[in-house]
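What follows is a single structure, written as structure tokens, with notes after it.
None of these values were measured; they are calculated from a predicted model.
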Amino acid sequence: MAYAYCDHNAGSPLRPEAAEAMARALALSANPSSVHAAGRAARRLMEDAREQVAAAVGAAAENVVFTSGATEALHLALEAARGAAKSLILSAIEHDALAEHVPHAWPGARIAPVTREGVVDLAALGSLLDEAPKPALVAVMLANNETGVIQPIARVAALVREQGGLLLVDAAQALGRIAIDIAALDATYLVLSSHKAGGPQGAGALVLAPGAPFRIAKGGGGQERGRRPGTENIAAVAGFGAACKLADDEAARVRALRDRFEREAGVEIIAQSAPRLPNTSLFAPPHLRAETAVIAFDLAGVCVSAGAACSSGKVRKSRVLEAMGASPLAQTNAVRASFGWSSTDADVDALLAALAQIKGRRDAGVEAA
Ligand code: PLP
């Protein structure tokens with residue numbers, strides 16, 4: 001690679017083991033719903049992948065519903081819960097995949113605030129739960145994509161269960177980075193994305209707790225036990241399964257890289273004292289706005305993001321940093337570096353060198369925030 005890739009939260013490069021599993025699956029080219037030998041071979045491969053995904057989160061394979069990614073899984077969870085839940089509460093830092101969908105899908109949803117460290121405010125969530133029509137569906141992500149802050153899901157679950165509610169946990173950024181156990185989290189619905197964990201893009205899963213309500217909303221073929229009709233993408237799920245098998249095997253090495261960056265960066269690190277993913281660093285270079293800084297990093301051969309990655313390439317104000325009441329400097333300048341299985345010390349060297357150059361630009365009078 002000619003560049004230092006420090007943007008694993010936007011998408012982790014495909015792991016070689018996932019690419020191999022995909023190549024094997026592509027060679028099969030049969031519909032897994034077909035009853036003939038070729039179809040059965042495709043189904044076997046898909047069911048092996050389902051076991052691998054289930055094992056990564058401590059679930060039963062029959063409770064893994066393959067989707068096209070975390071976005072679809074989040075939307076599917078809202079539909080699944082619709083018959084059982086009378087209200088929706090989501091945290092102020094949920095990903096756009098959910099937050100932008102909710103005003104259309106579930107008007108009148110309530111928003112739970114977060115602390116300055118980017119952790120969901122449990123007291124405020126408790127009050128919202130008291131007021132909301134019951135049972136409520138509560139959506140709190142396991143780890144935030146911008147800050148990496150890990151949410152106290154077991155404590156959220158205790159509040160939700162006290163009121164007979166359901167819990168939706170977006171674990172898209174957690175998979176492959178920290179251990180996940182659906183029972184320990186006490187989540188009703190758990191959402192996963194393949195490409196954040198070194199699997200291919202366009203694959204993900206909605207994982208259900210035993211007995212989770214599931215209102216089947218869509219017609220169509222009976223795939224995924226009728227819960228998500230449409231022929232499954234066998235190659236993508238095979239790659240997803242292979243990536244899950246490797247989940248969090250690099251966490252200690254990745255944490256050491258991230259920690260070295262933060263020790264040597266000499267800039268404000270956002271939410272540094274909160275429990276965070278081992279791979280994520282959100283920092284604020286003092287003299288450049290984030291959109292300019294990202295270009296400067298890119299010119300130096302380093303791939304990073306300005307807060308959340310945007311499909312349009314436009315940089316918007318971060319809802320997450322706003323909800324946290326982050327400093328004005330953080331809100332305009334925050335840049336995210338995120339590491340993963342392919343990251344090396346050379347990537348951190350390049351990131352630090354580029355940051356030093358950017359910090360020097362103020363002295364040269366090039367740009368001010
Ligand atoms: N949830 C979180 C926390 C994410 O970071 C992302 C992707 O950035 C998504 C959901 C959407 O995932 P996908 O690209 O698989 O639809």
Side-chain angles (χ1 to χ4, degrees), residues 57-58 70 74 77-78 81 84-99 101-102 106 108-175 177-192 207 209 212-213 269-278 280 282 307-308 318-327 330-331:
V57 297
L74 286 162
L78 293 190
K86 295 218 162 51
S87 56
L88 173 64
I89 301 171
L90 65 157
S91 87
I93 56 166
E94 295 305 296
H95 192 271
D96 279 354
L98 182 68
H101 179 61
V102 159
W106 208 308
R110 296 157 169 81
I111 308 289
V114 297
T115 65
R116 295 190 79 81
E117 288 288 78
V119 178
V120 66
D121 181 332
L122 293 170
L125 176 63
S127 307
L128 285 170
L129 269 162
D130 284 339
E131 292 158 16
K134 292 172 195 35
L137 171 64
V138 175
V140 179
M141 66 201 330
L142 180 48
N144 183 263
N145 45 298
E146 292 180 46
T147 59
V149 172
I150 297 170
Q151 302 299 315
I153 296 298
R155 294 177 67 196
V156 169
L159 287 174
V160 171
R161 299 303 183 189
E162 249 171 47
Q163 305 267 11
L166 306 170
L167 178 59
L168 165 58
V169 176
D170 176 355
Q173 290 292 347
L175 183 65
R177 296 174 186 150
I178 54 172
I180 305 175
D181 184 289
I182 187 171
L185 294 172
D186 199 10
T188 320
Y189 307 99
L190 188 75
V191 165
L192 304 176
V207 184
I269 308 290
I270 295 152
Q272 193 171 19
S273 56
R276 284 182 303 154
L277 292 174
T280 305
L282 188 66
S318 160
R319 249 190 319 106
V320 172
L321 292 175
E322 221 172 353
M324 289 165 63
S327 68
Q331 291 203 32

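- With a 4.5 Å cut-off on side-chain heavy atoms, Val102 and Leu78 count as touching.
- Of all heavy-atom pairs between Pro213 and Tyr189, the closest is O-OH, 2.6 Å.
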Residue pair Val114, Val119: steps toward the side chain to side chain contact (heavy atoms under 4.5 Å, CB included) verdict
CA-CA 5 Å; Val114 297; Val119 178; 6.0 Å; no

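- Checked options Leu88, Leu90, Ile93, Ile89; the residue passing with Ile111 is Leu90 (criterion: side chain to side chain contact (heavy atoms under 4.5 Å, CB included)).
- Between Gln173 atom CD and Glu146 atom CD the span is 10.0 Å, to the nearest 0.5 Å.
- Counting only heavy atoms from C-beta outward, the side chains of Met141 and Val120 never approach each other to under 4.5 Å.
- The nearest pair of heavy atoms linking Ala136 to Ala85 is C-CB, 4.4 Å.
- With Gln151 contributing its side chain and Leu142 its backbone, the two residues share no donor-acceptor pair below 3.5 Å.
- Arg116 places a side-chain N or O within donor-acceptor distance of the main-chain N or O of Gly325, the cut-off being under 3.5 Å.
- No donor-acceptor distance shorter than 3.5 angstrom exists from the side chain of Thr280 to the backbone of Arg276, with no hydrogens or angles considered.
- Between Gly58 and Ile182, the closest heavy-atom pair is O-CG2, 3.8 Å.
- Judged by distance alone, with hydrogens and angles left aside, the side-chain atoms of Asp181 form a donor-acceptor pair with the main-chain N or O of Ala184 at under 3.5 Å.
- Atoms CG and CG, on Leu190 and Asp170 in that order, are 8.5 Å from each other to the nearest 0.5 Å.
- Between atom CG of residue Asp96 and atom CG of residue Leu74 there is a gap of 11.5 Å, rounded to the nearest 0.5 Å.
- Under the 4.5 Å side-chain criterion, counting only non-hydrogen atoms from C-beta, Gln163 is not in contact with Pro135.
- The distance from the CZ atom of Arg110 to the CG atom of Leu128 is 7.5 Å, given to the nearest 0.5 Å.
- Across every non-hydrogen atom of Glu94 and Val140, the tightest pair is OE2-CA, 3.3 Å.
- Side chains of Thr188 and Arg161: a donor on one and an acceptor on the other come within 3.5 Å.
- Residues Arg155 and Leu159 form no side-chain contact, since every pair of their non-hydrogen atoms from C-beta on lies 4.5 Å or further apart.
- Between Val207 and Leu192 the shortest side-chain heavy-atom distance falls below 4.5 Å.
- Side-chain contact between Leu167 and Asp186: absent, with no pair of heavy atoms (C-beta onward) separated by less than 4.5 Å.
- Looking at Ser318 and Gln331, their side chains never bring a donor and an acceptor atom within 3.5 Å of each other.
- Across Ser87 and Pro133, no two heavy atoms sit closer than the pair OG-O, 2.6 Å.
- Ile178 and Pro278 get closest at one heavy-atom pair: CG2-CD, 3.8 Å.
- Annotation: side chain of Leu122 is in contact with side chain of Val156 (closest heavy-atom distance under 4.5 Å).
- Annotation: the span from Leu321 atom CG to Thr147 atom OG1 amounts to 8.0 Å, rounded to 0.5 Å.
- Proximity of a side-chain donor or acceptor of Lys86 to a complementary backbone N or O of Leu137 within less than 3.5 Å is not detected.
- In this structure, the side chains of Leu168 and Leu166 stay at 4.5 Å or more apart for every pair of heavy atoms.
- Between the side chain of Thr115 and the backbone N or O of Asp121 there is no donor-acceptor pair closer than 3.5 Å.
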